[in-house]
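To start, the structure itself, in structure tokens.
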Amino acid sequence: MPDTTAPQKFEFQAEIKQLLDIVIHSLYTEKEIFVRELVSNASDALEKLRHTQITEKEIFDDKLDLEINLTTDDKAKTLTIQDFGVGMTRAELVENLGTIAHSGSKAFLKALGEGGAKNSNLIGQFGVGFYSAFMVAKSVKVYTHSWRAGEPGQLWESDGSGSYAIEESEGQRRGCKIVIELKDDCDEFAQEWRVKEILERYSAFVSVPVNLNGKRINTVQALWLRSKNEIKDEEYTEFYKFQAHAYDEPRLRLHFSADAPLAINALLFVPKENTEKLGFARTEAAVSLYCRKVLIDAKPKDLLPEWLRFLKGVVDSEDLPLNISRETMQDKALIEKLNRVITKRFLKFLDEEAKNRPDAYNEFYAEFGVFLKEGAAIDFTHKEQITKLLRFESSLTEKGKTTSLADYVSRMGSEQKEIYYLVGPNRAAIESGPYLEGFKARNLEVLFCYETVDEYVMNHVREFDGKKLTAADHADVKLADLPKPEGALSEDDTKTLIAWLKTALGERVAEVKTSDRLVDSPVLALNADKSMSPHMRRMMKAMNKDGESPVRVNLEINPRHAVFKRLFEMHTAAPAKAQLVAEQLLDNALINAGLLEDANAMVARLNKLLETI
Ligand code: ADP
Ligand code: MG
């Protein structure tokens, strides 16, 4: 048995060493943020205790108040932060303070790795949690006792230079008491006035009492319960940063209250950036649920629909039973009701934003639109409201400008029954393909969809304002006749040529016919499989779900195009060359559709054709 009462030395995990090295040696000017980090940890530990008390009968030192006490000692040059929260066992000390658990610290290291090295300002953007104490500390001592009665008290100690020591320590109260022995040039943090100033800035929203040298600092009322017109923008921003553990500024905010059908006070924020887009993990629900200022659940799963997981903030409802706990959150009906009311209200808010501040809305959409698409596709209850908020570029917008479906519909002629869209990697690709020209020639607007999810979204949204959403490259689309073009191949000759093409191309085509959508291009390919657009087929192929089945398409030809007049003459005069031309035309159409599978065969043929020039 190792002697657990004697100090035992541990090495920090390599990443922590790296982090500490940066933290200690950076010239970071806002050293004061370490106070916010430690108070925030204390506040988390108290929230955890509050919840532990609900489920556990036996709690160590059970009579202690849920509060945070800071004390300064300017003679000894120390700052002490004590909370009566859950505390830590020996194993938890090793796990939580010796290895990297904190997502902010991880993100910080990642950003450094991506070329941010030496940029000490990054600390301010990410927050490095507990370790920020080493910016100002000669040494940090953590005296702690877990809420578990059977565990002994512990002392954790480090000077931040690569190792730490843990020993048993008698007489500890529940929670953590962190004693920071300040570096000589950081002794300002042993001054009461200095710490008071910092606490007033950063810790106004902590829900438990924060006392400095025995005097209560945070007397601010819960921000979401105050009236909108007496709250300053900076207060909202500070609250957002505190509550969401965020380091950016919120992009949008909605502060509202309602009395019916439920009494609700809510304060919701949209962050500046969509971190899922940046490649971070899937965002977790983060809007906290309160009942009369008491936190019920910091991350309730069902309070909002999945697709609103990017929202931060607070929902407070007096209608929740006071004894509600995470366990009794099983009161599904009530949570569902809250969910519906808040979602409706937030969608209404977005609609107003789109009308009143279109530029801000478009910026929001560029960042978070993908969540709305997800909602439109899968949230049946709110589909209609969400669909109104979708935006697309179209054949009538400028590059980079978007239109709503409602505006599209307002521009539709009386003949037009459907809303058309095309999926492609970007504007240039869609505009240069053969699918758009027939629509352009008839003045039909086509929406442009650039994202992989768009086709899925369109298929699930299905219709808007009674108009079907239809892929413009779908084989079923029927377009009105255009005036007969001059100089086209005659109808009889076209028939003959089509019959010949069918034999020449054999198995590779399901059908060959004259096109009602081609104007300038000679050919286009439509997928013979009506259930699958070319784009969809491409995706299936990428996911390797389509196995071996060869592409078989409907080929549409443009008898007005010069190439078919030549081909008509050639198919009797020089059948071998005509065969090559026919195959090449088919491959050209497949390239436009993104369906060409064997480029090598195509190049070999093209080289043969080039020999004949
Ligand atoms: P984060 O707070 O984001 O998890 P930190 O680096 O600030 O990251 O803290 C690391 C971990 O140490 C916390 O997750 C928590 O488990 C533990 N911890 C820190 N301070 C306390 C405290 N005052 N009481 C209990 N546990 C704490
Ligand atoms: Mg923390």
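Because the structure is predicted, anything quoted here is derived from the model rather than measured. Just follow the structure's listing: the first ligand is 1, and inside any ligand the first atom is 1.
Polar contact with ligand 1: present for N41 (N/O pair, distance under 3.5 Å). Of the N or O atoms in E37, none lie within a sub-3.5 Å distance of an N or O in ligand 1.
In summary, the atoms of ligand 1 found under 4.0 Å from a heavy atom of D83, numbered by their order in the structure, are 22 (C), 23 (N). Heavy-atom contacts of L97 reach the following atoms of ligand 1: 12 (O) (cutoff under 4.0 Å).
In summary, E11 and K17 engage in a salt bridge, as defined by a charged side-chain N under 4.0 Å from a carboxylate O. Under 4.0 Å is where a charged nitrogen must lie from a carboxylate oxygen, and between E238 and K232 no such pair does. Taking 4.0 Å as the cut-off between side-chain N and carboxylate O, K241 and E249 count as a salt-bridged pair. Contact check on D233 versus R253 returns a salt bridge, with a Lys/Arg side-chain nitrogen under 4.0 Å from an Asp/Glu carboxylate oxygen.
The Mg ion (ligand 2) lies at 2.8 Å or more from every N, O or S atom belonging to S40.
Remark: distances from the non-hydrogen atoms of M88 to ligand 1 include one below 4.0 Å.
Counting only heavy atoms from C-beta outward, the side chains of T144 and Q172 never approach each other to under 4.5 Å.
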